[in-house]
Structure formats: C-alpha cells, structure tokens
Trainee: 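The structure's right below; bear with me while I get my questions together.
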Amino acid sequence: MRTTIGAATAALLASTPALAAYNLVKEYSGQDFFSGWDFYGNYDNLTSGDVNWVDQTNATQSKLAYVNDAGHAIIKVDNTTFVPYNYKRDSVRITSQDYFPVGTVLVFDATHLPYGCSVWPSFWTKGENWPIGGEIDIIEAVNLMTYNQMALHTQDGCTQPSSVTQSGTTGNTNCSTDAGCTVAEKQSNSFGESFASAGGGVWAAQFDSSGIFIWFWTRDSVPSSVSSASDSIDTSSWGTPSAAYPSSSCNISEFFTPQQLVIDITLCGNWAGEASVYSSTGCGTGDASVNASSCYLDNVINAGTKYDDAYFEISYIKAFSTSSPLVASASGGSTIYVSATASASGSASSSGSSGSSGSGTNAAVPKTQLDALAYVAFAGTTALAAFSWVFL
Ligand SMILES: *[C@@H]1O[C@H](CO)[C@@H](O)[C@H](O)[C@H]1NC(C)=O
Ligand SMILES: *[C@@H]1O[C@H](CO)[C@@H](O)[C@H](O)[C@H]1NC(C)=O
Ligand SMILES: *[C@@H]1O[C@H](CO)[C@@H](O)[C@H](O)[C@H]1NC(C)=O
Ligand SMILES: *[C@@H]1O[C@H](CO)[C@@H](O)[C@H](O)[C@H]1NC(C)=O
Ligand SMILES: *[C@@H]1O[C@H](CO)[C@@H](O)[C@H](O)[C@H]1NC(C)=O
Ligand SMILES: *[C@@H]1O[C@H](CO)[C@@H](O)[C@H](O)[C@H]1NC(C)=O
C-alpha cells in the first residue's frame, strides 16, 4: 500500500509540489493506444473551428487515428482531401472513458505536435460536467506560436497567487475568466517545428490536493525518474515546474471533479482563427487585409497541403495515481464516479497501420449554417471562449 498525504501534510506543502508516491493506474501506448477513448463524431460545436471531428470508424478508415510502425499513436488532420469552399475539414477529438481523481500524475510523451497556420491542437483534461468540473490545459497553442501555453479554467473563486515558484510566465491569474489562468512556457522547444526537431519532449501534470503543477522537458532533458517510471512515479526530484497553481488560492477538490483526458485538433475557430491572433502568431503577417475569414480561406479549403505537420505523434500517456481510475455515470440527474478497473473496458482498439486507403473522407458538412448554430451553442460555454497569451 502506498500512503496518501494527510490534510496536515497537504497544508504544510500548500505552496510546493507534494511529495507523494503515485502508482501506475493506466497506460495508453502501442497497439492498444486507442482502447478506452470515445471519438467525438460531430462537427466542432465547442470552439467554432472549421473541422468535422470524425467518429472512430471514419478516423480508422481515413487513417486520422492509428498506430504507426514505430508503435506511436498518430492523431491528425486530414491532409489528403480536397475541401470545397463552405465545407469543413476532417479532424479528430478523443476523450478518455476513464476519469482520474485528485491525486494523479499524468505523463505525456510525444515526438511531434500539430502545428501550422490555422492549426489549434490541445492535450487537456476536463470534468464530466464541463465547464463546471474544471479544466487543465497541459498542451495548447495555435498557428506558428513557438511555445506552449498552459492554463486552468474553473468556476469563480480559483486564482493563481501573484507570487509563485514556476519557470513559466503568467499571463492572467484569474482562472474563471474566459482566458483562464494562463502560463506561457519559457523553455525552448515546447511547440511547433522546434519541438519536433528537438526529438519532442515530455509533460507531467500533477493534479493534487496541494495544487496543480505542470513540468515540461525537451527530449534531451527528460529525467530518468520520468522516462524510466513504470510501476510508480516520484515527483520529488523534478524541481521548479513550468506552471504552478498551489492550493493556497485554489481549493483543488472544490473546483475540480475527476478529470478525463482530451486530445483534439481544430482549425481556426475562437482562438486560432481570430484575425488579430492569426496575424500575430506568424500567419498572414504583412498582409494588412487579414480578416475573420482569412484563416479559413487561406488554409482549410482546397487541397490539404497545409496540414502535413498537423499531427500528434504520441509515444505514450501514463496516469499514476493514489487511487483507481473512475468512470462517470448518471444517477438521478447528477454524476457519480465508479471504479473503472471494476467495470469491463468496452472499446475496441484501432486496427493499427494495416489496410486503409488513406484517401480521406470528405464528410460533406456545409460550413455556413453550422457556424451559426455553433455560435449560439458556444455562447453558453465560456471556458474556451477567448484566450490571451504572453509574448516572450
Ligand atoms: C463518416 O463518413 C461517412 C461517409 O463519408 C459520412 O457520411 C459520415 O458523415 C461520416 N461521419 C462522421 C461522424 O464524420
Ligand atoms: C475573476 O473573473 C470573474 C469573471 O470575469 C469575475 O467575476 C471575478 O470577480 C474575478 N475574480 C477576481 C478575484 O478578480
Ligand atoms: C476545500 O473544498 C472541499 C470540498 O468542497 C472542502 O471540504 C474543504 O473544506 C475545502 N478546504 C478549505 C481549506 O477550504
Ligand atoms: C479576407 O481575406 C482573404 C485573404 O486572407 C480574402 O481572400 C478575402 O477576400 C477577404 N474577405 C473580405 C470580406 O475582405
Ligand atoms: C500528409 O501528411 C503526412 C505527414 O503527416 C505525409 O507523410 C503525407 O505525405 C501527406 N499526404 C499528402 C497527400 O500530402
Ligand atoms: C455538440 O454536438 C453534440 C452531438 O450532436 C451534442 O451532443 C452536444 O450537445 C453539442 N454541444 C453543444 C455545446 O452544442
């Protein structure tokens, strides 16, 4: 048995990452990577992006989600289909069936992240009743940004202290604003072409009663306590995190329910596609005529040649925890969480690299009416509505 930290210890450690032992409870890797996820199967009605997030069948057939010969998971935007004006492009959004409670360390190892003009990828977590159950953005950036931006999104009452021990740069301390409480990575090679050319890197996110702490290591700096962690992981030697949200100004168990993992790529939408964002993150620069349609018109339509770099290549995701993963189920209008290990895993794994044509599926989703619908739907959710970031 491992020990969970007691309330007194947690209080003592309130402003520093907790010293706790976490045991491996879930690993997504190799040929089984895609077991235990749900595919969205609907156009992007969350962030008004110009994508159709395909279902698992289409993702497998079109090779938008598969395991490559290196045994890494590829999650990508369709770069093989000609998309006519007014239509959306196929992409992928997946959510884990398991929920991870407070007392979990997530480790994400990738060799490539999606980037390019209009591309908006993220690896993040959320509660069942998002945006109410909190959100942790571990990896998120748009267009040709050169660094990763981390954030929390919560209901009102959670902030980042004005003075905090972290290596990143705080953009906003109030986690209930539309932007969330953002921290920009300051280490090099955390996004884009430089992330890939450095051989990728690893993130670890500690979701703990003492706070939420996110570390990033470029490939040649990954500590062996991370790269060789198998049955358990120990955060105590990792030093200053990139982003720190101690519980001293955010009661973690009050603002965060158990979190499920999300990996998605959208195009344009409420962040990447904003004219001011698009033109200030390396796209359409020098073109005074950049407008709200530029992101879509300049990239999404026609051949998919803009999207050759719009893919995740993920070595593994591991969850280490002081308790078992949970699955959410409805009970009398509210959500309860039951042990995931006690219930059978229901999902088929992907067919791997064999068989499909790779010719892509034009989902034939008209863009115009759907954007109007999405806008109305989106007005009800503010967690991702607007973003700010810091230029380093
Ligand atoms: C899957 O592909 C079929 C055939 O192209 C299409 O009709 C359907 O809308 C697609 N479904 C999704 C969720 O993308
Ligand atoms: C945080 O932002 C929310 C939403 O804008 C606002 O209502 C709240 O007063 C802010 N809290 C603090 C501490 O500034
Ligand atoms: C934090 O929130 C939990 C759950 O709402 C509550 O039980 C606990 O008393 C709170 N802790 C503090 C220090 O306010
Ligand atoms: C917006 O900019 C694009 C080029 O990025 C251009 O093709 C289009 O005509 C512009 N639209 C308007 C309404 O100005
Ligand atoms: C699509 O992108 C992949 C890399 O992600 C590349 O290998 C492939 O050649 C591209 N396909 C086309 C048709 O350009
Ligand atoms: C998005 O579409 C899905 C599938 O139709 C639906 O279940 C969900 O409620 C929609 N979400 C929003 C915010 O409109």
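Position 1 is the first residue of the sequence; numbering continues from there. In listed order, ligands and their atoms are each counted from 1.
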Trainee: Which is it for W53 and ligand 6 at heavy atoms under 4.0 Å: side chain, backbone, both or neither?
Mentor: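 Answer for W53: neither.
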Trainee: Where's the contact between D55 and ligand 1, heavy-atom distance under 4.0 Å: side chain, backbone, both or neither?
Mentor: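 The answer is both.
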Trainee: Taking side chain as C-beta onward, heavy atoms only, is F33 less than 4.5 Å from I75?
Mentor: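 Touching, per the 4.5 Å side-chain cut-off.
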Trainee: List every atom of ligand 1 that sits less than 4.0 Å from any heavy atom of V54, numbering the atoms from 1 in the order shown and giving each element.
Mentor: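 Going through ligand 1 atom by atom, the ones under 4.0 Å from V54 are 14 (O).
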Trainee: Are any of the N/O atoms in N52 less than 3.5 Å from those in ligand 1?
Mentor: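 Yes.
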Trainee: Report yes if the distance between the aromatic ring centroids of W238 and W217 is under 6.0 Å, otherwise no.
Mentor: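 So the answer is yes for these two rings.
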Trainee: What atoms of ligand 2 come within less than 4.0 Å of a heavy atom belonging to T177?
Mentor: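 The list of qualifying atoms is 2 (O).
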Trainee: Could you check whether the SG atoms of C295 and C268 sit less than 2.5 Å apart, since that is the cutoff I want to apply?
Mentor: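 Judged by the SG atoms alone, which are under 2.5 Å apart, C268 and C295 are bridged.
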Trainee: Under 2.5 Å between the SG atoms of C250 and C175?
Mentor: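 Unbridged: C250 and C175.
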Trainee: Counting heavy atoms only, which part of D178 comes closer than 4.0 Å to ligand 2: side chain, backbone, both or neither?
Mentor: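 Neither part.
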Trainee: Kindly determine whether D78 and Y307 satisfy side chain to side chain contact (heavy atoms under 4.5 Å, CB included), including the steps that lead there.
Mentor: CA-CA 7 Å; D78 174 12; Y307 297 110; over 6 Å; no
Trainee: Walk me through it: do D38 and Q97 pass the test side chain to side chain donor-acceptor pair (under 3.5 Å)?
Mentor: CA-CA 7 Å; D38 293 318; Q97 288 156 1; 2.9 Å; yes
Trainee: Considering only non-hydrogen protein atoms, determine which one is nearest to atom 4 (C) of ligand 2 and report residue, atom name and distance to 0.1 Å.
Mentor: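 For atom 4 (C) of ligand 2, the nearest protein heavy atom comes out as S176 O, 4.0 Å.
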Trainee: Which protein heavy atom lies closest to atom 7 (O) of ligand 2, and at what distance to 0.1 Å?
Mentor: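 That would be D156 OD2, 3.9 Å.
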Trainee: Heavy atoms only: which of T47, N45, N42 lies closest to atom 12 (C) of ligand 6?
Mentor: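 Checking each option, the heavy atom nearest atom 12 (C) of ligand 6 is found in N45.
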Trainee: What protein heavy atom sits nearest atom 2 (O) of ligand 2, and how far off is it?
Mentor: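 Of every protein heavy atom, N174 ND2, 2.4 Å lies nearest to atom 2 (O) of ligand 2.
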Trainee: Give the atoms of ligand 6, by number and element, whose distance to some non-hydrogen atom of Y40 is under 4.0 Å.
Mentor: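 Here the atoms of ligand 6 in question are 1 (C).
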Trainee: Can you confirm whether E193 is buried at CD, in the sense that more than 12 heavy atoms of other residues, nucleotides or ligands lie under 6.0 Å from that atom?
Mentor: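 12 or below, so no.
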Trainee: Counting the benzene-type ring for Trp, do F108 and F123 have ring centres under 6.0 Å apart?
Mentor: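 Yes, the ring centres sit under 6.0 Å apart.
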